[in-house]
Amino acid sequence: MKDDNKLKSELQKEIDKDSFRKRLTRFTWQAYNKIPTIKEPKILDIGCGSGIPTIDLAVLSKGKITAVDIDGKALNLLKDKIKALYLTDHITLVRRSMTKLRFKKDYFDIIWAEGSIAVIGFEQGLKDWYRFLKPGGYLVVHDSLLNYNESVRLISTFNYTLVHHFIISEQVWYEEYFKPLGKCISDLQVKYSKNYRIMKLLEEESVEIEQFKESPKDFASVFYVMQKVS
Ligand SMILES: C[S@@+](CC[C@H](N)C(=O)[O-])C[C@H]1O[C@@H](n2cnc3c(N)ncnc32)[C@H](O)[C@@H]1O
């Protein structure tokens, strides 16, 4: 009998959340296009995961991306994508916690963090990452909309200018992510209805969909494009 981890990773391949996540990358493009052109920028992608935004940033910028995450499995997935897309000259992977980042001062043109700043909190992220950015460099954060007012206050407190921001509504999250993900999971529940172990795993995979249904507003998000005041 397959062990639970193997079964889970096979099921995750079948669910392929990345394929739904990709439907939101137009917002990564929208945010990137708010930054004035920088030739071959050095970009730090914090909490890159399996690299859906990372790949797009490499394509958009033609620069050098340092992609950091604590999760070795996600980085391995990203490593395979980088090889397949011939992006090895553009993306370097670093397995490390964002609480232990070590880079030169004033080094990066852009720091990018989608869905990850909550790990240390918006305030700590703004504080910790400031020193790695060149004066005039850009920090782009994609975060929950729930703390919008406090986040906007912190941006100016910590010496950044808010250049641009835009919201991704709960409706967009529903149409582009939760609805297709829900459909995929329902199809699998039909396919594996007689397999108790897989049905149990599918229940776990449904948790975020249930959370969304209970409180859709909590899932709206916002992109902040900030500039380090020189
Ligand atoms: C919601 S995912 C976002 C992934 C990717 N940025 C995206 O938008 O698709 C959050 C990522 O933060 C990473 N993460 C969580 N804690 C971390 C830490 N302490 N240091 C670095 N990365 C961390 C997770 O492993 C996960 O890949």
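Indexing begins at 1, ligand by ligand and atom by atom, following the structure's order. These numbers come from the heavy atoms of this one structure, side chains and all, not from hydrogens, waters or symmetry mates.
- Looking at Val68, Asp69, Thr25 and measuring to atom 27 (O) of ligand 1, the nearest heavy atom belongs to Asp69.
- Where the criterion is an N or O separation shorter than 3.5 Å, residue side chain and backbone included, Ile46 fails it with respect to ligand 1.
- Taking atom 20 (N) of ligand 1 as the reference point, the nearest protein heavy-atom neighbour is Met98 N, 2.8 Å.
- The existence of a salt bridge linking Glu150 and Arg153 is confirmed by a sub-4.0 Å separation between a basic side-chain nitrogen and an acidic carboxylate oxygen.
- The distance criterion of under 3.5 Å between nitrogen or oxygen atoms is met by Glu114 with respect to ligand 1.
- Aromatic ring centres of Phe219 and Phe178: separated by under 6.0 Å.
- Of the N and O atoms on the side chains of Tyr224 and His142, not one donor lies less than 3.5 Å from an acceptor on the other residue.
- Neither the backbone nor the side chain of Ala74 comes within 4.0 Å of ligand 1, counting heavy atoms alone.
- Taking the ring centre of Tyr107 as origin, the terminal cationic atom of Lys134 falls outside the region bounded by 6.0 Å and 45° from the ring axis.
- Looking at Gly115, Gly49, Ala113, it is Gly115 that brings a heavy atom closest to atom 10 (C) of ligand 1.
- Shown in contact with Asp71 at under 4.0 Å from a heavy atom are these atoms of ligand 1, numbered in order with element: 25 (O).
- Salt bridge Lys81/Asp18: present, at least one basic N to carboxylate O contact under 4.0 Å.
- Salt-bridge annotation for Glu205 and Lys17: present, with a side-chain N of the basic residue lying under 4.0 Å from a carboxylate O of the acidic one.
- In this structure, Lys228 forms a cation-pi arrangement with Tyr130, its terminal cationic atom sitting closer than 6.0 Å to the ring centre and no more than 45° off the ring axis.
- The ligand atoms of ligand 1 that sit less than 4.0 angstrom from a heavy atom of Arg96 are 20 (N), 21 (C).
- Residue-level proximity to ligand 1 for Ile70 is carried by backbone and side chain together, each with a heavy atom below 4.0 angstrom.
- Between Lys6 and Glu10, at least one side-chain nitrogen of the basic residue sits less than 4.0 Å from a carboxylate oxygen of the acidic one, meeting the salt-bridge criterion.
- Protein heavy atom nearest atom 9 (O) of ligand 1, with residue, atom name and distance: Arg21 NE, 3.0 Å.
- The protein atom (non-hydrogen) at minimum distance from atom 19 (N) of ligand 1 is Ser97 OG, 3.1 Å.
- Listed by atom number, the atoms of ligand 1 under 4.0 Å from Gly47 heavy atoms are 3 (C), 4 (C), 5 (C), 6 (N), 11 (C), 12 (O), 22 (N).
- Inclusion of Thr99 in the set of residues having an N or O under 3.5 Å from an N or O of ligand 1 is not warranted.
- Aromatic ring centres of Phe108 and Phe103: separated by under 6.0 Å.
- Scanning the protein for heavy atoms near atom 15 (C) of ligand 1, the closest one is Val119 CG2, 3.6 Å.
- If you check the side chains of Thr28 and Glu114, you find a donor sitting under 3.5 Å from an acceptor.
- In summary, the atoms of ligand 1 found under 4.0 Å from a heavy atom of Pro53, numbered by their order in the structure, are 7 (C), 8 (O), 9 (O).
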